[in-house]
Amino acid sequence: MYRFLLSRQWVILTLLALVLIPVMIELGFWQLHRHQHRVAQNTLIANNLKAKPVPVTELTSPGHTVPRADYWRQVEATGRYDTEHEVVVRRRTNTDETVGFHVLTPFVLADGRAVLVNRGWVPFGADQRTFPDIPAAPKGEVTVTGRLKADETTGTSGIKELSDLPDRQVMLINSEQQAKSLGRTVLGGYIEQTAPAAPGGSPQQIPKPDSSSIGAHMAYAVQWWLFTAAVPVGWVILVRREVRDRASAATRSTPERETAPA
């Protein structure tokens, strides 16, 4: 009755089902891991944003790579802005997804070392290659508060370095790169400034990262596993239908053979 399962068509169908089952199970676990990663990141963001600000020198130093556990930690620094060496970071968007620049200003501490401060977003000037008009940073000694971030690299950000950039424009926020042009020691990573707020709201401060959205990864995981369960169920249904159809065909042909002339 089940010899039809050895036919070419059914062998291919069965092999396809056997391949799909582990693939879809793995896809479900992949989505589950993405969900778990998102939950863990949201917890990290929320905890670091709630933490009391600490001096930036407690969390980073020259050449230091900021670990993920310290991303978005609230830090503060007291010193003065070095606007002479201010640069802009190309192809950055604001909350409305408008492309412009981020303003990157060295901030010199009392011991002569510097930390990079991302003061926020400004729109293009006449075009992307023209240095924009940037509201002046406060003069004299000030205290800056913000979120600690790691140096950007092409590998971590996906942003490619470009050659022949206009003067005072960069693609990445990277302390080692800026240290070369500053001629002074620079702490690893940088600060996303949150206070004091810029007069008139420009540069626009970088919004805090989302710590509430978890996406649909868990739903996708369940969906893949439901598909996995559906494969063997569907295979059994098709087999039973084939058996029934073959039995019906055999029943219809039997009376014809019995009434056929000798």
Side-chain angles (χ1 to χ4, degrees), residues 1-50 65-73 91-99 147 149-150 152-161 171-172 206-262:
M1 182 181 297
Y2 293 97
R3 291 188 62 184
F4 66 87
L5 292 175
L6 299 177
S7 66
R8 183 173 180 271
Q9 175 184 356
W10 276 95
V11 168
I12 292 175
L13 182 62
T14 302
L15 290 175
L16 179 61
L18 292 175
V19 169
L20 284 176
I21 289 173
V23 168
M24 290 192 292
I25 290 175
E26 184 62 29
L27 287 171
F29 278 110
W30 173 61
Q31 290 290 350
L32 174 63
H33 295 154
R34 293 187 68 186
H35 169 78
Q36 293 171 334
H37 173 77
R38 187 64 177 269
V39 170
Q41 177 163 291
N42 285 349
T43 301
L44 174 67
I45 292 172
N47 290 340
N48 284 355
L49 291 180
K50 289 186 297 185
T65 299
V66 177
R68 178 163 290 276
D70 288 339
Y71 284 15
W72 307 289
R73 280 289 302 273
R91 299 180 182 177
R92 302 301 167 113
T93 57
N94 65 357
T95 53
D96 297 325
E97 299 299 321
T98 303
V99 180
R147 300 178 286 263
K149 298 292 294 293
E152 296 177 346
T153 65
T154 296
T156 58
S157 68
I159 301 172
K160 295 182 179 180
E161 283 279 27
M171 296 300 300
L172 298 167
I206 311 301
K208 67 179 182 180
D210 180 18
S211 62
S212 60
S213 174
I214 59 174
H217 301 302
M218 192 62 192
Y220 292 152
V222 173
Q223 187 178 63
W224 279 117
W225 291 331
L226 289 175
F227 289 159
T228 302
V231 170
V233 171
W235 185 87
V236 170
I237 291 174
L238 290 176
V239 169
R240 294 182 64 181
R241 181 180 297 173
E242 183 72 12
V243 170
R244 185 175 63 249
D245 291 346
R246 286 174 177 268
S248 298
T251 301
R252 288 195 302 270
S253 63
T254 300
E256 296 177 0
R257 290 196 298 268
E258 291 176 351
T259 58

Give me the atom names and distance for the closest heavy-atom approach of Leu32 to Ala221. N-CB, 3.9 Å
If only atom types and distance count, is the side chain of His37 paired as donor or acceptor with the main-chain N or O of His33 below 3.5 Å? no
Under 3.5 Å, side chain of Arg38 to main-chain N/O of Ser213, donor-acceptor pair present? yes
Could you tell me whether the side chain of Lys149 reaches within less than 4.5 Å of the side chain of Val66, counting heavy atoms only? no
Residues that Arg92 engages under salt bridge (Lys or Arg N to Asp or Glu O under 4.0 Å), provided they are two or more places apart: Glu152
From Leu16 atom CG to Ile21 atom CD1, the distance as rounded to the nearest 0.5 Å: 10.0 Å
Rounded to the nearest 0.5 Å, how far apart are CD of Gln36 and CE of Met218? 8.0 Å
To the nearest 0.5 Å, what is the distance between CG (Leu226) and CH2 (Trp224)? 11.5 Å
Would a 4.5 Å heavy-atom cut-off, applied to side chains only, mark Gln31 and Leu27 as touching? no
Closest approach of Val233 to Ala229 (non-hydrogen atoms, all atoms of both residues): CG2-O, 3.3 Å
Within-4.5 Å side-chain heavy-atom neighbours: Lys160 and Met171: no
Thr154 (side chain) donor-acceptor with Ile159 (main chain) under 3.5 angstrom: yes
What is the minimum heavy-atom distance between Asn48 and Ala69, and which atoms define it? ND2-O, 3.1 Å
Return the orientation label for the His217 and Tyr220 ring planes: parallel under 30°, perpendicular over 60°, tilted otherwise. perpendicular
Separation of Phe227 CZ from Gln223 CD (nearest 0.5 Å): 4.0 Å
From Leu20 atom CG to Thr228 atom OG1, the distance as rounded to the nearest 0.5 Å: 9.0 Å
Does any N or O in the side chain of Asn94 come within less than 3.5 Å of the main-chain N or O of Asp96, such that one atom is a donor and the other an acceptor? yes
Please check: side-chain N/O of Trp225 versus main-chain N/O of Ile25, any donor-acceptor pairing under 3.5 Å? yes
Is there a side-chain contact between Val239 and Tyr2, using heavy atoms and a 4.5 Å cut-off? yes
Do Leu238 and Trp235 make a side-chain contact, defined as non-hydrogen atoms from C-beta onward lying under 4.5 Å apart? no
With no hydrogens and no angle check, is any side-chain donor or acceptor of Arg68 less than 3.5 Å from a backbone partner on Leu44? no
pair Arg246-Glu242: side-chain heavy atoms closer than 4.5 Å: yes
I need the minimum non-hydrogen distance between Ser211 and Asn42, along with the two atoms involved. O-CB, 3.4 Å
Any chance OH of Tyr71 has more than 12 other-residue heavy atoms, nucleotides or ligands included, within less than 6.0 Å? yes
Do Gln41 and Pro209 have side chains that get closer than 4.5 Å, going by heavy atoms? no
Spatial distance of atom CD1 (Ile214) from atom NE2 (His35) [nearest 0.5 Å]: 5.0 Å
